[in-house]
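Worth knowing before you read on, the calculation uses all heavy atoms, side chains too, and leaves out hydrogens, waters and symmetry mates. What you see is a predicted model; the values in this text were computed from it and never measured.
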Amino acid sequence: MTTKRGLITDTFKVVKKSRREGMREKSPTPPLSQQDVASTIREEEMQKLRLFDLDWRFGPCTGINRLQRWERAKLHGLNPPEEIRELLLQTHADPEYSLSLWSEYPF
């Protein structure tokens with residue numbers, strides 16, 4: 001003979017939480033400092049350069065820096081993004097910008 005099975009709520013009673021009348025107000029987010037904005041811009045630029053490194057449409061990137069790769073891709077008519085070239089020309093002194101992902105950084 002089978003025993004009658006009840007609902008789970010018969011064993012575990014439902015307890016409803018009462019609504020709070022005065023909901024806690026959230027404090028506003030502090031504005032970003034100039035240093036935070038600069039680091040965010042740098043992160044976005046580095047992300048664009050990493051995507052350029054990973055895009056095989058522009059040829060291999062081992063053994064050459066990013067600007068050389070961009071120029072080689074342009075020479076072969078592969079239409080690399082002009083934005084990458086401008087970024088590389090603006091930051092040519094920084095090895096983190098000029099060297100690709102697979103280059104050895106001088107740390």
Note to self: Rounded at 0.5 Å granularity, tell me how far CG in Leu88 sits from OG in Ser98.
What the structure shows: 8.0 Å
Note to self: With a 4.0 Å cut-off on N to O distance, would you call Arg85 and Glu82 a salt bridge?
What the structure shows: yes
Notebook entry, point to check: How close do Pro80 and Phe52 get, heavy atom to heavy atom, and via which atoms?
Noted result: CB-CE1, 4.3 Å
Checklist line | Student check: side-chain heavy atoms of Arg72 and Pro60 closer than 4.5 Å | finding: yes
Margin query: For the CG atom of Leu49 and the CZ atom of Arg66, what is their distance to the nearest 0.5 Å?
Written below: 4.5 Å
Next item on the list: For Arg69 and Asp55, work out which heavy atoms get closest and say how close.
Entry: NH2-O, 2.6 Å
Next item on the list: Taking Asp53 for its side chain and Leu101 for its backbone only, find out whether a donor-acceptor pair lies under 3.5 Å.
Entry: yes
Notebook entry, point to check: Taking the side chain from His92 and the backbone from Leu89, do they hold a donor-acceptor pair closer than 3.5 Å?
Noted result: yes
Note to self: Is there a side-chain contact (heavy atoms from CB on, under 4.5 Å) between Thr91 and Arg42? Walk through the geometry before answering.
What the structure shows: CA-CA 11 Å; Thr91 58; Arg42 183 175 175 90; over 6 Å; no
Note to self: Given 3.5 Å as the limit, does a donor-acceptor pair link the side chain of Gln90 with the main chain of Leu87, or not?
What the structure shows: no
Margin query: Return the NZ to CD1 distance between Lys74 and Ile84, rounded to the nearest 0.5 Å.
Written below: 13.5 Å
Next item on the list: Kindly give the heavy-atom pair with the smallest separation between Phe58 and Asn79, and that separation in Å.
Entry: CE2-O, 3.7 Å
Note to self: Using 0.5 Å steps for rounding, measure from the CE atom of Met46 to the CG atom of Leu51.
What the structure shows: 11.0 Å
Check: What are the two closest non-hydrogen atoms of Gln68 and Ile64, and how far apart are they?
Finding: OE1-CB, 3.2 Å
